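Notes follow the structure.
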Protein chains: 2
Amino acid sequence: MNDRKKHVVQMAHQLFIEKGFQSTSIQDILDFSGISKGTFYNYFSSKNELLIAIFKTSYSELHKLRDEVLIGQDPANIETFVKQIEMQLTLNRKKKLITLFEEVMVINDPDLKQFIELGQIRNIRWIYNRFIEIFGEEKKRYLLDCAIMFMGILRENIKFYRLANDANLNIKQVVRYTVNRVVHIVAELEESDEQLIQTEALERWLPDCQKTDHLFRKKFLHSLFTLKNIFHQKHEQLKFTELLEFIEEEVLDSKNPRFFLIKSVLQTLKTVENQTAQIEIEQLEQLVKAYFKEKDVENPYFS
Amino acid sequence: MNDRKKHVVQMAHQLFIEKGFQSTSIQDILDFSGISKGTFYNYFSSKNELLIAIFKTSYSELHKLRDEVLIGQDPANIETFVKQIEMQLTLNRKKKLITLFEEVMVINDPDLKQFIELGQIRNIRWIYNRFIEIFGEEKKRYLLDCAIMFMGILRENIKFYRLANDANLNIKQVVRYTVNRVVHIVAELEESDEQLIQTEALERWLPDCQKTDHLFRKKFLHSLFTLKNIFHQKHEQLKFTELLEFIEEEVLDSKNPRFFLIKSVLQTLKTVENQTAQIEIEQLEQLVKAYFKEKDVENPYFS
DNA sequence: TTCATATTGTACTATCTGTATAAAAATATA
DNA sequence: TATATTTTTATACAGATAGTACAATATGAA
């Protein structure tokens, strides 16, 4: 996506935050971002597609921040999870994502609808995986239900907490309360041994590639993080961190990551004169290689 | 509301169920219900107002059925509550109320938005009151939170249960599971003594008249129910049940119930030759009188 | 400079909500 | 029954909107 297109996405998002999706006309967007109608329809085939672009950039920002919270923290510590949720909520609010989501579910566009739904399922899966880390693999059976209920309780609590304490919202309190409830629900479910939704359902909903695979993502980002730190200390960041950021974007955000390019960039990175960095880069390469191999097995057409 | 207007509301609702609110044009409604544009705008000042009319009729049907479930059952028995929730869910689905609600929250009409929000708060209040009946007055402190969380869990469970078992939804199972969770949450909250939202908030949100007062509604409908039964046995229903239904509508659905009319109708009802019925009518009259008195104190301008 | 591509401006189609109004039909009133 | 009032119809119109079409223009690379 070129800079101009990005600019349009940004301006449109701002307008949507202020006036809502439906109430913002394409003409408004054209005026506000200073492009012509022709250009607009050259970039996006419709207003809905522009909205998808907005969601995609917001998602990737969200995921990035979410992973950053994890760095240097114990993922099994529930306090880390609390921080991640708080971050997610403030970002959601800032970008009015929830409002936009709701606005979308209404428009009779199956593409848009499916996109949002996938995003929500992915979010549930993320919580589910985090719960496994927090509560332990042995409680897996109940944790998908817990993730789903957690989302429900949280959403509803926020809604009415806002109503009760108009606007001056102390998110932390709501998250704390909600997390406390879920901790007890987990314990209670283990006793009563009830299950509503089979955990296998997740794989049916999201049969997609390992790209968002929890473990890979964690290792990958951790590796990038340590490398960035090394380069930062050595004041070599200018060139190398740029390359690292390219890899990050290509692997996580691109639909069809160009493996040959990533390989080449990694080769360039290896020229750094630093023992620890070289070892780390080697590990990163192994990780990425393994990831692409696995992905190719699943999608043989791309191999 | 005259019959023709009611017919339009019904036809429009049907169209909205099939095609959604936004995707149904006013012309569609005109064609489908066989009226002219002029008449439409004579009945409703806008498409949004028509939607409010649809919601109002659906609400009153919902409340009526909800109260009917209660008749002859123990309100403190949680199984009665389960039945009520099941009924509510099937009706919601049939009338696609949730979808329409969501569709509305998006349209930038403050009236519409407020109307829906009020409805949701009233629903929470109803659950809260039912929970008090079920779990006992002494747990009141936690029960508003529980009502809110119950709604959140239920909504999210339904959503993902539907996704997992596409379409062939066994609502009972979901309600059962959700109610079981809430029962434990109530017990757990009593131990941990945490509270998120003050129960006084409800009165701030809904300072409106006693019309929806839980206790009054219950007694009133029970009275009507027994009377209807008496008339039905005696085959005098034709005339008297019509009168009863008029009272029901005037008291529960009308914005400004005409007390003088209700009084007159009750006088007519008293002419029935049946000892038990007369006693019941007497009680009903006392009940309604007390209700209007209370209401007038709150709204002295109407007295 | 030349050529391909990106961008602009503008006119156009089609759809939609809501207004206006005169004529016709139904209903109330005397 | 005759007259007055209200309701309904039919139709034209105004003002927005999403998206299309296309010729003219600008930009940037070879």
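The chains referred to below are lettered A, B, ... by the order of the sequence lines, with proteins before strands, and numbering in each begins at 1. All of these numbers come straight from a predicted model, not from anything done at the bench.
The side-chain contact (heavy atoms from CB on, under 4.5 Å) check on Leu89(B) picks up Ile85(B), Leu154(B), Ile158(B), Ile171(B), Val175(B), with sequence neighbours excluded. Annotation: salt bridge (Lys or Arg N to Asp or Glu O under 4.0 Å) contacts of Arg155(A) (sequence neighbours excluded): Glu156(B). Residues satisfying the salt bridge (Lys or Arg N to Asp or Glu O under 4.0 Å) test with Asp28(B), not counting sequence neighbours, are Lys19(B).
Contact annotation: the side chain of Leu269(A) approaches that of Ile247(A) to within less than 4.5 Å [non-hydrogen atoms, C-beta and beyond]. Looking only at side-chain heavy atoms (C-beta outward), Tyr41(A) and Ile26(A) come within less than 4.5 Å of each other. Residues Leu163(A) and Phe160(A) have side chains in contact (heavy-atom distance under 4.5 Å, counting atoms from C-beta outward).
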Using distance only, find each side-chain donor-acceptor pair of residues 9-17 of chain B under 3.5 Å and give its atom names and separation, not counting sequence neighbours.
unit_1   : atom_1 : unit_2   : atom_2 : d
His13(B) : NE2    : Lys95(B) : O      : 3.1

Legend entry - Contact state string [nucleotides 7-19 of chain C, B base, S sugar-phosphate only, - no protein heavy atom under 4.0 Å]: SB--------BBB
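Think of the region where chain B sits on DNA chain D: with heavy atoms and a 4.0 Å cut, that region ends 5' and 3' at dT8(D) to dT9(D).
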